[in-house]
Asks: 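What follows is a single structure, and I will ask about it in a moment.
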There are 2 protein chains.
Amino acid sequence: MAANRRPTLADVAREVGVSAKTVSRVLNEDGYASARTREQVLAAVAKLGFQPNLMARNIRVGGPDTTIGLVVPDLGNPFFGAVAGSIEDTVRDRGLTLLMGSSADDPDRERALTDKFLARRVSILMVVPSVGADHSHLKAHRAAGLPVVFIDRPGAGLSTDSVVSSNRAGAHDGVAHLIAHGHRRIAFIGDLPTKLYTRRERLAGYRSALQEAGLPSDRSLVTNAHDQQGASAVTRRLLSLPEPPTALFAGNNIVALGIVTELARSARKDIAVVAFDDVPLAEVLEPALTVVAQNPEEIGRAAAAAALARLDGDRSRARTITVPTRLIARGSGESPAPARQEA
Amino acid sequence: MAANRRPTLADVAREVGVSAKTVSRVLNEDGYASARTREQVLAAVAKLGFQPNLMARNIRVGGPDTTIGLVVPDLGNPFFGAVAGSIEDTVRDRGLTLLMGSSADDPDRERALTDKFLARRVSILMVVPSVGADHSHLKAHRAAGLPVVFIDRPGAGLSTDSVVSSNRAGAHDGVAHLIAHGHRRIAFIGDLPTKLYTRRERLAGYRSALQEAGLPSDRSLVTNAHDQQGASAVTRRLLSLPEPPTALFAGNNIVALGIVTELARSARKDIAVVAFDDVPLAEVLEPALTVVAQNPEEIGRAAAAAALARLDGDRSRARTITVPTRLIARGSGESPAPARQEA
DNA sequence: TTGAAAGCGCTAACAT
DNA sequence: ATGTTAGCGCTTTCAA
């Protein structure tokens, strides 16, 4: 009783007294079958609890499997969860299913996952590339018709479709917002590692906003953190500088949590904050948190749409789709007008 | 150039001038192969970019596929994201990969997903069951050795392992905390639909805490909401009651967001709140939000461990694993001591 | 140490 | 309207 074989097409055929092919025809609604046979087959299928073996089918049909391989840094990060949900929504009626794994931003783990997905002959491969990962090994697959899409960051060594946020423009807008409200010493707390694409782009936006306003760029105000605790520590350090910043720009949602937590702990409501990426309860904070919101749903949708178009024969050259961010001013970027700094 | 066939074992064999079986042996390190052949084979594999077709392999070997099918209500919900991440961590060195899909709490979508997963011959099936879904169709698979685990809620029509939070005890503790701080009119805002297991359990905990304290249970204080906006509206309605509650108990994280948002909007810091499930920034709110924290990592770990044990031959009877919750008192459940209600 | 043949569960291509 | 044969890419079984 333990591990009895699952019934096969042949079992169903034997039960009814027809050939395997007839059962196949009925189940796939391919070709003709008499009403009587159809009924009998369906009855036998139900009786035996038969479920066609999709792997066997795929092998015979020869096409790719009806799965999408998706590699993200962290399954628990709500941003990537939202992206994944949106991809699923977009591909559901094509019958595609998500095969997911997390890389922890480790190139080796990323490679292991993509190799596994390729061995499964996924229909589409989507990757949030890790820093240091090389993707030239995917060239042949792409050439053979496998749609490959990079999400959130461009990949290295392979020219293919990618979908990213408007990191630079978004960060620029956020910092410009702070400048417009009188801030002149604005610190940047970015992602780690510093080579991360998103960090570099957002930092570039920060710098361009300062430059545009004719403000000096103080290297001691450009910092990094890779988790919430780290961001809190950096915040503390920045505020104890001889000439502390009057405003902080958070390079991502995790950093934002660390900043906000630290400011609350030290009761510093006089420090302005703008964060890249929205966080829950932002509007409830005091002051409410101003953010440069990303659009994970649209990122997922765009990535899926691009991949499906490739699957449908789109042979145009690789595109980079930039999904706009949106500045949501809630207060924390305005209050208070900083006192004039003394030199 | 577009869709040229991926190389097969036979292609590699032809390239080297050996039989397919020899190549297979080298790649699977099964049986003997001369150093020379091994080298040649490996070289040809690299040259052709050969990757064994896992589906074909599985079909021949006959065993289940190295995937875990996981059905959750919503890929974007961080709670389920954390559970999924924890499952992945636990099964990674067994070489298992996650096949994921969201049901939107719709029994039909849930069934479609589980059927698909079964057709793929997943090694393990894990489901967060939707209200109204029946799982008796899984009996045969379970009997045939497929580990099935229900997560967050028990399933219907099938006795199998399940992993849930200590919903009843947790809710009891949260409400008792409010009572201990002087509250006597405490409202419950639960999940929807009202048949949802988690809502029923948490409501039972709420009721038992009231009973234990000799407090009357006022039906007008037991309410529901199924999204953040709904929870805000319910909060508004409760506070405009002739005899409004002095404290609110949130039945889940989404409801908590709605309550907190509405209280902030109406500047009602006099209302105490305890929420089931933790939310980011809870400690930064004013007052900081007291919660009954769940442990999604442990839920995922326990679910995966139970399933792996079954895979390894554990034939003991179905267990329900209850993962403890933890009351984290941060302030919102204490302040202020309510004024004595006037009859 | 290697190979040939058979077969996993299914369907394409041709029968009939 | 149904059946037969062959074969997808791989591994098992047996032989050499």
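Chain letters run A, B, ... following the sequence lines, proteins first and then strands; every chain starts at 1.
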Asks: Kindly point out which of D:dC10, D:dT12, D:dG3 is positioned nearest to the side chain of B:Arg57?
Replies: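 So the nucleotide nearest the side chain must be D:dC10.
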Asks: Provide, to the nearest angstrom, the distance between the CG atom belonging to B:Asp11 and the P atom belonging to D:dC8.
Replies: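 Computing the B:Asp11:CG to D:dC8:P distance gives 11 Å.
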Asks: Looking only at N and O atoms, is any donor in the side chain of A:Arg25 or the base of D:dG3 less than 3.5 Å from an acceptor on the other one?
Replies: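 For A:Arg25, whose side chain was compared with the base of D:dG3, there is a donor-acceptor pair (under 3.5 Å).
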Asks: Counting heavy atoms from C-beta on, name the nucleotide in C:dT2, D:dG9, C:dC10 closest to the side chain of B:Ala56.
Replies: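 Closest nucleotide among those given: D:dG9.
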Asks: Could you tell me whether B:Asn28 contacts a base, only the sugar-phosphate backbone, or nothing, with contacts defined as non-hydrogen atoms closer than 4.0 Å?
Replies: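 The answer is sugar-phosphate, as B:Asn28 gets under 4.0 Å only of primed atoms, P, OP1 or OP2.
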Asks: Do B:Arg60 and C:dG7 have a side chain to base donor-acceptor pair shorter than 3.5 Å?
Replies: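 Yes.
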Asks: How close or far is atom C1' of D:dT2 from atom OH of A:Tyr32, stated in whole angstroms?
Replies: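 The answer, rounded to whole Å, is 13 Å.
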Asks: Could you tell me whether the phosphate oxygens of D:dC10, OP1 or OP2, come under 4.0 Å of any side-chain nitrogen or oxygen in B:Ser24?
Replies: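 So the side-chain polar atoms of B:Ser24 never come under 4.0 Å of the phosphate oxygens OP1 or OP2 of D:dC10.
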Asks: Rounded to whole Å, how long is the line connecting atom CZ of B:Arg14 with atom C1' of D:dG9?
Replies: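 To the nearest whole Å, that distance equals 12 Å.
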Asks: Do B:Arg94 and B:Thr66 pass the side-chain hydrogen bond (donor to acceptor under 3.5 Å, both in side chains) test, and can you show the C-alpha distance, the side-chain angles, and the key distance before you say yes or no?
Replies: CA-CA 9 Å; B:Arg94 297 277 290 241; B:Thr66 58; over 6 Å; no
Asks: Nearest of D:dG3, C:dT2, C:dG9 to any side-chain atom of B:Thr37?
Replies: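 That would be C:dT2.
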Asks: Quick one: on DNA chain D, does A:Val18 or B:Ala20 contact a more 5' nucleotide (nearest heavy atom)?
Replies: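 Its nearest nucleotide being more 5', the pick is A:Val18.
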Asks: In whole Å, what is the span from the CZ atom of A:Phe50 to the P atom of C:dG9?
Replies: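 For the pair A:Phe50 CZ and C:dG9 P, the rounded distance is 10 Å.
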Asks: Identify which one of B:Asn53, B:Thr67, B:Thr97, B:Asp65 satisfies the side-chain hydrogen bond (donor to acceptor under 3.5 Å, both in side chains) criterion when paired with A:Arg120.
Replies: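 Output: one option passes, namely B:Asp65.
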Asks: B:Leu9 CG to D:dC8 P: how many Å, rounded?
Replies: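 Going from CG in B:Leu9 over to P in D:dC8 covers 13 Å.
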Asks: Can we say A:Glu298 and A:Arg301 salt-bridge, meaning some charged N sits less than 4.0 Å from an Asp/Glu carboxylate O?
Replies: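 A salt bridge links A:Glu298 with A:Arg301.
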Asks: Rounding to an integer number of Å, can you tell me how far B:Asp65 CG sits from C:dG9 P?
Replies: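 Those two atoms, CG and P, are 15 Å apart.
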Asks: By nearest heavy atom, map B:Ser19 and A:Pro52 onto DNA chain C; which one lands nearer the 5' end?
Replies: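 That would be B:Ser19.
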Asks: Taking the basic N atoms (NZ, or NE/NH1/NH2) and the acidic carboxylate oxygens, is any pair closer than 4.0 Å for A:Asp11 and A:Lys47?
Replies: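 No salt bridge links A:Asp11 with A:Lys47.
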Asks: Can you figure out which of C:dC10, C:dT11, C:dT2 approaches the side chain of A:Val61 most closely?
Replies: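 Shortest atom-to-atom distance from the side chain points to C:dT11.
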Asks: Report yes if a side-chain nitrogen or oxygen of A:Thr22 is closer than 4.0 Å to either non-bridging phosphate oxygen (OP1 or OP2) of D:dT2; otherwise report no.
Replies: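 No, because none of the side-chain N or O atoms of A:Thr22 sits under 4.0 Å from OP1 or OP2 of D:dT2.
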Asks: Select one nucleotide: of C:dT1, D:dG9, D:dT12, the one nearest the side-chain heavy atoms of B:Ser34.
Replies: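 My answer, after comparing the listed nucleotides, is C:dT1.
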Asks: How many Å lie between NZ on B:Lys21 and C1' on D:dA15, as a whole number?
Replies: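 Computing the B:Lys21:NZ to D:dA15:C1' distance gives 14 Å.
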Asks: Report yes or no: does B:Arg310 contribute a side-chain atom to a donor-acceptor pair with the main-chain N or O of B:Asp314 at less than 3.5 Å?
Replies: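 Yes, because the side chain of B:Arg310 sits within donor-acceptor range (under 3.5 Å) of the backbone of B:Asp314.
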Asks: Starting at atom CG of B:Asp30, determine the distance to atom P of C:dT2, rounded to an integer number of angstrom.
Replies: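 Distance check: B:Asp30 CG to C:dT2 P gives 13 Å.
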